[in-house]
Every structure is written in C-alpha cells, then in structure tokens.
Student: 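Questions regarding the structure given below will be posed in turn.
Naming convention: chains lettered A, B, ... in sequence-line order (proteins, then strands); numbering from 1 in each chain.
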Amino acid sequence: MHPAFSVIFFTTSSGAGYGLLALMGIGAAAGLMPDSAMLAIVGLGLALAMITAGLLSSTFHLGHPERAWRAFSQWRSSWLSREGVLSVLTYIPAVIFSGGWVLFGVDAGFVRIAGLLAALGALATVVTTAMIYASLKPIPDWSNRFTLPVYLAFSLATGAILLNGIQALTVAPVPALRWLAIVFILIAWALKVAAWRHNDSLALPTAASATGLGTGEVRSIEWPHTQENYILKEMGYQVARKHAARLRRIAQGLAFALPLVLILIGALAGPAATFLPVLAAVLAVLSMVPGVLTERWLFFAEARHTAALYYGYPHARTK
Amino acid sequence: MTSLPSSTDRKLGLVIDLDTCVGCQACVTSCKEWNTGGHMAPLTDIEPYGAEPDGVWFNRVHTYEQATDTGSRTVHFPRSCLHCETPACVTVCPTGASYKRSSDGIVLVDEDKCIGCKLCSWACPYGAREYDTEVRVMKKCTLCVDRIYNENLPEEDRVPACVAACPVGARHFGDLGDPASPVSRLVEEREGVDLMPELGYRPVNKYLPPRARPSGSDESAPAQLEPVTAEGGFFGWVDRMLSG
C-alpha cells in the first residue's frame, strides 16, 4: 500500500497522544499521579496537541476536507466513522480532566472521573483506528489478529515513553513509571515481531484465484494500460520490500531496544543520580520517534493488496 | 446509509465469458465513452497524450497466460465492479456516499457526499474503484444505471454500454437473483465462478471459465504438406523411384 505521510503521521502522533492521555487518566483515577500543575500542562498539553495534529493531518489527505463532517454519520457500519465520533467525544472528558487538574488539582473527584473517561475514550479511539485496518480483508497483512493488539501496545508503549520523559523533566523520575514503560515496550516489541512473522508466512491468494481461473499457473502477459494507474499507485507500492529487513532492524532498534536500554540505565543509576535518569528518559523519547515512524511506514509500505494480483505482482515475500 | 440492505429485489449484474472474450477492448472504450457523460461523469483523463497518461476507467481488460494440462492458453480478462452482495466498500464508507440499492443491488457512489478518503478502494479486493484526482472523489462502474432504465433509448439498447459493444457476445447482462433468467441459466450450464469467494464479498457478477480443449493435438493439427520442389541428388532419385 502507498504509505501516505498524512496517515503515518496521524496514526503515530495520535496513537502516542492517546496513549499518554490514557496513562495519565488512569494514573489520576487510581490516585498515582503527583499533584503537579506543570506535569498536567506539559503532559496533557502535549497529548492533546499530538492528538489534534494527527487528526488534522488525517483530514489533509481527504479529497474534500470541507465535507469531513459527513464522516460522523455512518458509525453503524464504518470503523472510520466510529473513529471520527470517538475522537471528538474524547475531547470532552479530556478537556475537563486537563483543565480540572490545572485549576483544582489532580485529586478532585470530578477530575479523577474525567481522567478515567478520557482514558477510556482514548483507548477506544485507538481500537477504532486499528479496526479500520484489521477489517480490510483484501490486505491480509492487516486483517489478522495482530493488528488490534499491536496498535494498542504501540499506543501505550509510546505514551509511556513520553510520560516517563515528561515526568522526569517536570517533577522527578518515578521508578514505577520506568518499569511500566519497560513492560509496554517489551509487549509491543514481542507483538510486532510476531505480526511480522505471521505476515511473512501468509498464504496469499494468487492470480489464479483472483481471476477465477483456478488451476495452473496464471501469468500476466499484458496490462490494460501502459502506465501506472490509480490502483497501481495506491496498492502496488513495492519499494519497501527491497529494504524491509534492514528497516525492520532500524525500527526495532530505535523504537524498542534503545529506549529500553536508556530507561534501564535511568532505573539502575540509583536514587542519588539526578541528571542521568532525566537525560536517559528524554533520549528515549528522541529515539522512539523515528523508530515508530519507520515501523508505521513499513506497516503501510509492506502491506500487499489483492488488487495488485491482477497486474501479476509477485506477492510472495522475498528475504 | 452505508449499512447494507438485507436483501435486494433483483441482483442485476454481468456474466463474462472468458472462453469467448478476444481482448479487443471494445467494452473498455465504449464504457469510457458512455460514462464520461453519464451518472459519474466526467471520467477524467490526466495527460492523455503525454508521457505518463492516467485516468479513470470503470472497466479494464487484462491478458494472462494460463498453464493447463493441454498446453498453455491466452485468457483475456475484463475486470470491473462485481456489484457484490456484501460489499465492504460500502460498509467502510464513513459518509454514506457509497450505497447498495435495495431495488436492483447496484453499488453506487453519491459524488456530492464523497470526501475522497479512498478507504472504499482499499476495501475492494478487485481494484474496481478508481479515484478521480481532479474531481477528488471516488468513481466506479454504475452498471450503466443511466442506460438500463432509460426510456429515451430503444429497448434493445437498455443494457450496459460494455454489453452493447461486445462484438463476440462475451458479456451478458441480467438478473442473477432470478434462477430462471437467461444469465442464471448460463452460469449454471457453464459452471460460472466467483472471483476470490474466500473473501466473502459474494460477487453478483460471474465469470465463465474457458472451455477445456480436447487433450492431444493430433485431431486438430493440420495435415503435413508435400514439399513443393522435388529434392535433388541421390535421395531425390530414390524418392522419385519409390513414388512412381
């Protein structure tokens, strides 16, 4: 599939923003967040900015952004419409939670409830995003049992890395948060590797079943057109296959391995160290960003669509 | 509404005979000509005479070589919207622009509601929907909804433009929901197939597979001809002696 920058930016930016919002909301509801207005301003401010930037970016790739309001109407059947509805609804508790924390403190009853509702809305929105992809049967790389847990785990892992960095900068490094980030990173890493393995061994339809000809090898000998058309531009993207193995290593190194090591360094530096844990927490964020962008680029660029079978595209993965 | 009708009164669609199709592209050009002025008009062309021409077409004819037990054969394969019974292209639409008609099962796009998110084209396994980069909406085959009910046309012309154009009768139009209709009987006789049925879209359009050819080429091979000029030399002399 053609990796459109707007959608890569939307899924990564909003995903991390929703993860950050969910963790802060759950933390506040459970009474685990330090009562710091600065943490609320920086943390929730960043979460809402990343969510909003992502949502705006996703409307830029529309042919008619001025009609985007229509996308709230078909939530009965469409995951994209559900995503639109939930993303807007989540703003209500998120704004009450953020404003309430800054003005009345994190321990106010309504702030805790709003935090919990914002967290639920954030996670539900990530679920709808994942389901847009997981429900597309023509793209077996997406329509499998890994897409939903991977999206949720990435959202929480990137949110936890962000929260770890922000908390270290604004309040003080929190040991429990470090271990939470480490656990989410390990879960996301394991799920992503399992998803890649699953996709590499997929038995995909062939040109023989796409054309209904059934038996025997079916070889494309003439296209209907001499140049690329919409179908090939959108669904015949093949660049990633060439460098897939190297890009997967880069994504794993930057999104998982390096943040993991940095956060561990912060954890093992001891309670006396003040500068090193903060530096490590911030560097983990800076490493995670290009890593997740690479992973998401691969998610789109490596995905194979059945329509390309009609053009004789070899869909078998080559190592 | 992008929720699908639970059933449709009729299931209008096409039956395409891969045994007969000669890949002449007449259906392709006829479709383009009618529809660039029809319901989904225009069918925009980008750089039609330039180095990289592109544009919206509802019908594309591919050519394949298929290996069979009796040697390989060439198969021409017209590809267009199959007007599926459970089309995910409709249910994924967030705006209600895509819909399936409960009267005849035709899948259409309301251009005025389309936001151009392209998700429906991702949801179509058959690559039937094409995005118009100029009008910035999604376009697709209408089964010539503006021909088949058009009382301004003579009755024999009230068929999709591709069907009217086919010079070899490889394209058939009718109600596939009626088991007694000529198209349904044709599908039954010729064992018509669905494309990628495992995906569960339940296409209405059917494809008739190429007929099996007789095994062994002896029966149909032309007889060997005698050489026109007689061979010279010793063997020519032997040949003449023995022939006489």
Student: A/Glu234 versus chain B, heavy atoms under 4.5 Å apart: side chain, backbone, both or neither?
Tutor: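 The side chain, not the backbone.
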Student: In terms of heavy-atom pairs under 4.5 Å, which option from B/Pro209, B/Gly192, B/Cys117 contacts chain A the most?
Tutor: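 The option with the most such pairs is B/Cys117.
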Student: Indicate yes or no: does B/Asp194 engage B/Lys206 in a salt bridge with an N to O separation below 4.0 Å.
Tutor: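 Answer for the salt bridge query: yes.
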Student: Tell me, for A/His61 versus chain B, whether the close heavy atoms (under 4.5 Å) come from the side chain, the backbone, both or neither.
Tutor: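 Answer is both: backbone and side chain atoms of A/His61 are under 4.5 Å from chain B.
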Student: Is it the backbone or the side chain of A/Ala68 that comes under 4.5 Å from a heavy atom of chain B, or both, or neither?
Tutor: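 For A/Ala68, the contact with chain B is made by the backbone alone.
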Student: Just give me the residue among A/Thr211, A/Val7, A/Leu80 that pairs up with chain B most often, heavy atom to heavy atom, under 4.5 Å.
Tutor: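 Max contact count across the listed options: A/Thr211.
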Student: Less than 4.5 Å to any heavy atom of chain B: does that hold for the side chain of A/Ile139, its backbone, both, or neither?
Tutor: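 Contact with chain B: side chain only.
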Student: Among A/Glu302, A/His243, A/Glu295, which one satisfies side chain to side chain donor-acceptor pair (under 3.5 Å) with A/Arg248?
Tutor: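 The residue from A/Glu302, A/His243, A/Glu295 that satisfies side chain to side chain donor-acceptor pair (under 3.5 Å) with A/Arg248 turns out to be A/Glu302.
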Student: Find the one option among A/Gly214, A/Ser209, A/Gly312, A/Pro65 whose heavy-atom pairs under 4.5 Å with chain B are most numerous.
Tutor: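 Of the candidates given, the most pairs with chain B belong to A/Ser209.
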Student: Chain B heavy atoms under 4.5 Å from A/Tyr133: which part of the residue, side chain, backbone, both or neither?
Tutor: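 Looking at A/Tyr133, just its side chain touches chain B.
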Student: Flag the pair A/Arg70 and B/Asp110 as a salt bridge only when some basic side-chain nitrogen lies within less than 4.0 angstrom of an acidic carboxylate oxygen.
Tutor: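 No salt bridge links A/Arg70 with B/Asp110.
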Student: Is there a donor-acceptor pair closer than 3.5 Å between any side-chain N or O of A/Tyr311 and the backbone N or O of A/Ile231?
Tutor: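 Side chain of A/Tyr311 to backbone of A/Ile231, a donor-acceptor pair under 3.5 Å: no, none is there.
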Student: Any idea which of A/Ala71, A/Ser81, A/Ala207 has the most non-hydrogen atom pairs under 4.5 angstrom with chain B?
Tutor: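 The candidate making the most pairs under 4.5 Å is A/Ala71.
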Student: Which of these, B/Thr133, B/Asp132, B/Asp54, sits in a side chain to side chain donor-acceptor pair (under 3.5 Å) with B/Thr44?
Tutor: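 Looking at B/Thr133, B/Asp132, B/Asp54, the match for B/Thr44 under the side chain to side chain donor-acceptor pair (under 3.5 Å) is B/Asp132.
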Student: May I ask you to decide whether A/Arg219 forms a salt bridge with B/Glu65, counting only side-chain N to carboxylate O separations under 4.0 Å?
Tutor: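 So A/Arg219 pairs with B/Glu65 through a salt bridge.
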